[in-house]
There are 2 protein chains.
Amino acid sequence: MAGRPAEPHVIWARPERAGRGPKPAFSRADIAAAAVRVADAGGIDAVTMRQVAAELGCGTMSLYNYVPRKEDLYELMADRVAGEYDLPEKPSGDWRADLTALAHRARAMMRAHPWMARLMSAVYGFSPNAMRYLEHSLACLDALDLPYGEKMELVAMVNGVVTTYVANELQTAERARSLPWSAEQEHAVRIAYMGREIASGRYPRLAAAFAEDSGPIDLDAVFDRALARVLDSFTTRRPENP
Amino acid sequence: MAGRPAEPHVIWARPERAGRGPKPAFSRADIAAAAVRVADAGGIDAVTMRQVAAELGCGTMSLYNYVPRKEDLYELMADRVAGEYDLPEKPSGDWRADLTALAHRARAMMRAHPWMARLMSAVYGFSPNAMRYLEHSLACLDALDLPYGEKMELVAMVNGVVTTYVANELQTAERARSLPWSAEQEHAVRIAYMGREIASGRYPRLAAAFAEDSGPIDLDAVFDRALARVLDSFTTRRPENP
DNA sequence: CTTAGTTACGTACAACGTACGTAGTGAGAT
DNA sequence: ATCTCACTACGTACGTTGTACGTAACTAAG
């Protein structure tokens, strides 16, 4: 009976290779890669122990030798994606530019793996690669004269903006994966309902907002504005509050 | 064969009471209330069709007369909680104060129903009560001279801050509900791992950040600072960027 | 009164996470 | 060289989930 302890454990603290016995057929990286492949192809709900095992080409229960609980599989996945960044370059010294670039890359990553938004809120945020990412974020702020507490708050806010906006953007499309109809159909029906509701006159300001002719929404621009505002708030002095 | 159409539908567009046949034993509000009670008591994972039906005192499959799919049950729950706000009062004219108060109430609501954070990202955001809330948010900004597009962005950022911070705050505790050990045990093991990792010297800035003696973190203060920053960024003019 | 649509709900099924047991493997101890 | 035993591999099985489907009872519309 191996590897399913009844006490709390962190997958990262568990040695990948045990001393005795035959050598494992797969590495942790193999398993994370397989799970990520399954999620990219079929969404996060397709990531079942059976599917991942099939992708690896082994029996379902063999997976449990590597991953005691399904949540640990999620942690492996999140960490692997967090490791996809190229972070070797040294910060340029312009913290605003560096952090903006980093946020853009984080956003691109989450759009490349649309299931990550949901996963990140289901998983403990301190895997090895997540810590590497965090360390790099702080390194970008070396030139900024602030206590680390505030730097952490800045980084948290930037990450918050990224996940919030990407999640909003992808939620409809991702949720539609589990539905028997298409995302477009779903969207059309929702919009029709909202249109009827707004036309009722009960929501005058919402009506005005939707009537406002501003052309199609540029999601990139919206994201950039939100990010810039957060960065601004750490640059400018706040006006006194009565 | 009633009520499980193969085409897209919105629960809110479906009439609560059909013209023919015996009158339903429950109202939509009854069902939402029961589901919320189950979630408050046992977390979101306790909300199963069987449990909610048991809470109502009816057969499992009877629920499907009211709620075609489980996701619709989630929508009912989210809408009910969104309806728990008291919003009758007119905005005071001080949009900053009004929006701050509103954000505080939203935060309190999400802490009172810790499962809401996860639910809101799984559900389409335009239920009747959500629209009421949005309309009220816009009403708070009546005095602010901005196009509706920007007002919507402001409201979205405020809501984003609320959900982000509450989710971070609650995620450990909520996740621990499904684990065979306690949140405290889990936390202790995680902290121990991080401590070992940080002591390795690979994350000098993280180490410095954790070493920085700032006393226990005041989550309320952190939230207030983040919120204030977002509001600031719509008040102050942004300095020119080179 | 008829009839057709609605409500109520028991049964059944596929898919899930995973507990458990068994068989085989191979590195360290003797 | 042989023994030993932790470890790997994985089939079987159980409890739980969402929900498709069928049946029986009920009631408003024609």
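Every chain is numbered from 1 and lettered A, B, ... according to where its sequence line falls, protein lines coming before strand lines.
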Q: Between C:dT25, D:dG18, C:dA8, spot the one nearest the side chain of B:Lys70, thanks.
A: D:dG18
(Q) Closest approach to the side chain of B:Thr60, judged atom by atom: which nucleotide of D:dT17, D:dT19, C:dG17 is it? (A) D:dT19
Q. Considering only side-chain heavy atoms of A:Met49, which listed nucleotide, D:dG18, C:dC9, C:dT18, is closest?
A. C:dT18
Q. Expressed in angstrom and rounded to an integer, what is the separation of B:Lys23 atom NZ from D:dA25 atom P?
A. 21 Å
Q) Do A:Met77 and A:Ile44 come within less than 4.5 Å of each other through their side chains, counting heavy atoms only? A) yes
Q.
As a test of reading the structure: which of D:dA9, C:dG26, C:dC9 is closest to the side chain of A:Ala25, going by heavy atoms?
A. D:dA9
(Q) Between C:dG17 and A:Arg50, counting only base atoms on the nucleotide and side-chain atoms on the residue, is there a donor-acceptor pair under 3.5 Å? (A) yes
Q.
In this structure, how many angstroms lie between the P atom of C:dC16 and the CG atom of B:Asp45, rounded?
A. 17 Å
Q: Using a heavy-atom cut-off of under 4.0 Å over every strand shown, decide if B:Gly21 touches base, sugar-phosphate, or nothing.
A: base
Q.
Of the options C:dT6, D:dC10, C:dT7, whose atoms approach the side-chain atoms of A:Ser62 most closely?
A. D:dC10
Q. Considering only side-chain heavy atoms of B:Tyr64, which listed nucleotide, C:dA4, D:dG18, D:dC7, is closest?
A. D:dG18
Q: Evaluate whether atom CE of A:Met120 has more than 12 neighbouring non-hydrogen atoms of other residues, nucleotides or ligands under 6.0 angstrom away.
A: no
Q. Out of B:Glu174, B:Arg107, B:Met110, which one pairs with B:Glu169 under the side chain to side chain contact (heavy atoms under 4.5 Å, CB included) rule?
A. B:Arg107
Q | Sugar-phosphate only, base, or nothing, as touched by A:Thr48 at under 4.0 Å among non-hydrogen atoms | A | sugar-phosphate
Q) Roughly how many Å is it from CG in A:Leu63 to C1' in D:dT8, rounded to a whole number? A) 13 Å
Q. Do the ring planes of B:His187 and A:Tyr124 sit parallel (below 30°), tilted (30 to 60°) or perpendicular (above 60°)?
A. tilted
Q: Round to a whole Å and report the spacing from CE of A:Met61 to P of C:dA19.
A: 7 Å
Q) Base, sugar-phosphate, or nothing for B:Tyr66, non-hydrogen atoms under 4.0 angstrom? A) sugar-phosphate
(Q) Could you tell me how far apart B:Phe26 (CZ) and C:dA8 (P) are, to the nearest whole angstrom? (A) 7 Å
